[in-house]
2 protein chains.
Amino acid sequence: MVRQPSINAQHRPPLSTERIVDAALRIVDGQGLGRLTMRRLGDALEVEAMAIYHHLPRGKEQLLDGLVAHVAAAPAARPSPADAAAWRDALRRWARDYRARLVEHAGVLPLVVTRRNPPALAETTASLREIMRLGGVPEDAAATAAHTLLGYVVGHAALEVRGTPRPGDADEAGAAASTADWDRRFTAGLDLVLGAL
Amino acid sequence: MVRQPSINAQHRPPLSTERIVDAALRIVDGQGLGRLTMRRLGDALEVEAMAIYHHLPRGKEQLLDGLVAHVAAAPAARPSPADAAAWRDALRRWARDYRARLVEHAGVLPLVVTRRNPPALAETTASLREIMRLGGVPEDAAATAAHTLLGYVVGHAALEVRGTPRPGDADEAGAAASTADWDRRFTAGLDLVLGAL
DNA sequence: ACCTGAACACCGTTCAAGT
DNA sequence: ACCTGAACACCGTTCAAGT
């Protein structure tokens, strides 16, 4: 029986930034941000924690930046030329998608919401302004609208997370609002905001 | 020369929950949330870290809850009966005050925004609904308005923090938006939202 | 009742060393 | 180039002990 050079080197995909961030996101979604440690992340990847630093030289800071980028990346699907007049519907679709992604990864929300990153934020608002520019909305009205809409979406997602008891806490079936309540509230508020633009 | 029984016991105010939370807030405002540790907090209070647990049995969790309560406490000044018709102005005042407090304590914002606390959130929205109830706004319109407004205020505050480079980072005088820009954006968006209610 | 000191089980990160 | 192992300087928290 021929001895393998290493148990691991054979049937394990090599480490990569993408695999690392994916594993980190899985830990955060499943166990919460507080349980994301370099050592646990190493375990999940079947690697010593220190191997991660070879791919993320800035360490945990860079890992958290990667999580934010993965969740908050703004793929504001630009409307096809034919739809240009329907910019309001395009904004509505974008808002619903963005909110869904934020709430789905509630554990990352504290990072998305407050990590200082002016360039990433500028990119998001720019893509919103582009939708409105194609729809013929004046520049400065579009700039205000972009910040207002993004603020509402991000803020409401935060309220939803804040207003939902942790699974396993008390009063889970008590006075707390249900998912359906939050859906309704988000839609109602979104209609208000879009109507005002 | 008479020996003092203890250097500290004499001229030091006794520890209290309030003093602890105040000192913690000073550390967070001055150095950031990441530098708030029980040991550093003990130093600031001229006490061993372990003494804090006598006043906050739930430890750091309770400390963070205290910070959130201190910053996000919603003193929605209820309008005097004479002002009841001016509920829109009352909401505007409330929104400006709340936003100012959030931005002033930017370091606590990640906690305010996402710490699960349904009762505290319900209290805030209830006080907003009360302002509108006195102004004669129908119940369910007021409920939607309260969530929309609160979502906008919290979300915009988060955008401001996210869009402001840390003091000492690069491009501080570069492409980043100024305080005046953010003030203008907040006011413009607030007018949009209030106009839609 | 209030605080201390030592200890425990963790962290993130460095660095020299292995392959 | 990529990963490991030991080590360092921290964490939050417990517990017995002091006053």
Side-chain angles (χ1 to χ4, degrees), chain A residues 2-25 27-28 30-68 107-108 110-111 115, chain B residues 2-25 27-28 30-68 107-108 110-111 115:
Chain A
V2 181
R3 202 177 158 283
Q4 303 290 25
S6 159
I7 290 206
N8 294 328
Q10 298 292 337
H11 51 68
R12 205 183 43 178
L15 222 44
S16 71
T17 307
E18 203 189 20
R19 276 191 64 226
I20 294 172
V21 172
D22 279 359
L25 190 60
I27 291 176
V28 172
Q31 314 181 241
L33 189 58
R35 290 187 58 82
L36 176 63
T37 68
M38 301 302 271
R39 283 167 167 91
R40 238 190 296 267
L41 182 55
D43 279 355
L45 294 161
E46 297 185 75
V47 131
E48 291 301 308
M50 294 69 197
I52 297 167
Y53 288 84
H54 204 267
H55 300 263
L56 303 177
R58 271 179 35 244
K60 197 166 187 183
E61 284 293 297
Q62 195 172 356
L63 177 64
L64 299 183
D65 286 344
L67 286 176
V68 171
V108 198
L111 304 176
R115 288 227 122 201
Chain B
V2 181
R3 202 175 157 283
Q4 303 291 26
S6 159
I7 290 206
N8 292 329
Q10 297 291 338
H11 50 70
R12 205 184 43 178
L15 222 46
S16 71
T17 308
E18 204 188 20
R19 275 190 65 226
I20 294 172
V21 173
D22 279 0
L25 190 60
I27 291 176
V28 173
Q31 314 182 241
L33 189 58
R35 290 187 58 81
L36 176 64
T37 68
M38 300 304 271
R39 283 167 166 92
R40 239 190 296 266
L41 182 55
D43 278 355
L45 293 162
E46 298 185 73
V47 130
E48 291 301 310
M50 296 68 198
I52 297 167
Y53 288 84
H54 204 267
H55 299 263
L56 302 177
R58 270 179 37 244
K60 196 167 186 182
E61 284 293 297
Q62 195 172 355
L63 177 64
L64 299 183
D65 286 343
L67 286 177
V68 171
V108 198
L111 304 176
R115 288 226 122 203

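Every chain is numbered from 1 and lettered A, B, ... according to where its sequence line falls, protein lines coming before strand lines. Computed from a prediction, not measured in an experiment: that's the story for all the values here.
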Asks: When you get a sec, tell me which of C:dT4, D:dT4, D:dG12 is the closest nucleotide to the side chain of A:Glu48?
Replies: D:dT4

Asks: Take the protein atom CZ of A:Arg19 and the nucleotide atom C1' of D:dC3, then report the distance between them rounded to whole Å.
Replies: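 Checked: the CZ to C1' distance equals 13 Å.
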
Asks: Between D:dG12, C:dC11, C:dA1, which nucleotide gets closest to the side-chain atoms of B:His54?
Replies: C:dA1

Asks: Watson-Crick or G-U wobble partner for C:dT4, using a 3.5 Å limit on both distances?
Replies: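 D:dA16 - that is the nucleotide pairing with C:dT4, both distances being under 3.5 Å.
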
Asks: As a test of reading the structure: which of C:dA7, D:dT4, C:dG12 is closest to the side chain of B:Arg39, going by heavy atoms?
Replies: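 Of C:dA7, D:dT4, C:dG12, C:dA7 is nearest to the side chain of B:Arg39.
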
Asks: Between B:Arg40 (CZ) and C:dC11 (C1'), how many Å, whole number?
Replies: 14 Å

Asks: Heavy atoms from C-beta onward define the side chain here; which of D:dT4, D:dC15, C:dC11 lies closest to that of A:Met50?
Replies: D:dT4

Asks: Whole angstrom is fine here: how far is it from CG in A:Leu41 over to P in C:dC11?
Replies: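 Taking atom P of C:dC11 as the reference, CG of A:Leu41 is at 12 Å.
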
Asks: Nearest whole Å is fine: how far is D:dC3 P from A:His55 NE2?
Replies: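 Checked: the NE2 to P distance equals 4 Å.
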
Asks: Could you check which of D:dC3, D:dG12, C:dT4 has an atom nearest any side-chain atom of B:Thr37?
Replies: D:dG12

Asks: Could you tell me the separation between the CG atom of B:Leu67 and the CG atom of B:Asp22, rounded to the nearest 0.5 Å?
Replies: 9.5 Å

Asks: A:Leu45 CG to D:dC3 P: how many Å, rounded?
Replies: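 To the nearest whole Å, that distance equals 10 Å.
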
Asks: Between A:Leu41 and A:Ala24, which heavy-atom pair has the shortest distance, and what is it?
Replies: CD1-N, 3.6 Å

Asks: Are the side chain of B:Arg19 and the backbone N or O of B:Pro14 linked by a donor-acceptor pair below 3.5 Å?
Replies: yes

Asks: Expressed as a whole number of angstroms, how long is the span from A:Leu36:CG to C:dG12:C1'?
Replies: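 These atoms are roughly 12 Å apart.
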
Asks: Just how far, in rounded Å, is P of D:dG5 from CG of A:Asp43?
Replies: 13 Å

Asks: So which heavy atom on A:Ala49 is nearest to which on A:Arg39, and how close?
Replies: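 Heavy-atom minimum between the residues: CB-CA, 3.7 Å.
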
Asks: Looking at A:Val108 and A:Val68, what are the two nearest heavy atoms and their distance?
Replies: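 That would be CG1-N, 4.4 Å.
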
Asks: Taking the side chain of A:Met38 as heavy atoms from C-beta outward, which of D:dT13, C:dG12, D:dC3 is closest to it?
Replies: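 Nearest listed nucleotide: C:dG12.
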
Asks: In this structure, how many angstroms lie between the P atom of C:dG12 and the CD1 atom of A:Ile20, rounded?
Replies: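 Taking CD1 of A:Ile20 and P of C:dG12, I get 14 Å after rounding.
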
Asks: Watson-Crick or G-U wobble partner for D:dC11, using a 3.5 Å limit on both distances?
Replies: none

Asks: So A:Arg35, base contact, sugar-phosphate only, or nothing? Heavy-atom distance under 4.0 Å.
Replies: nothing

Asks: Determine: side-chain N/O of A:Arg58 to OP1/OP2 of C:dT13, distance under 4.0 Å, yes or no.
Replies: no

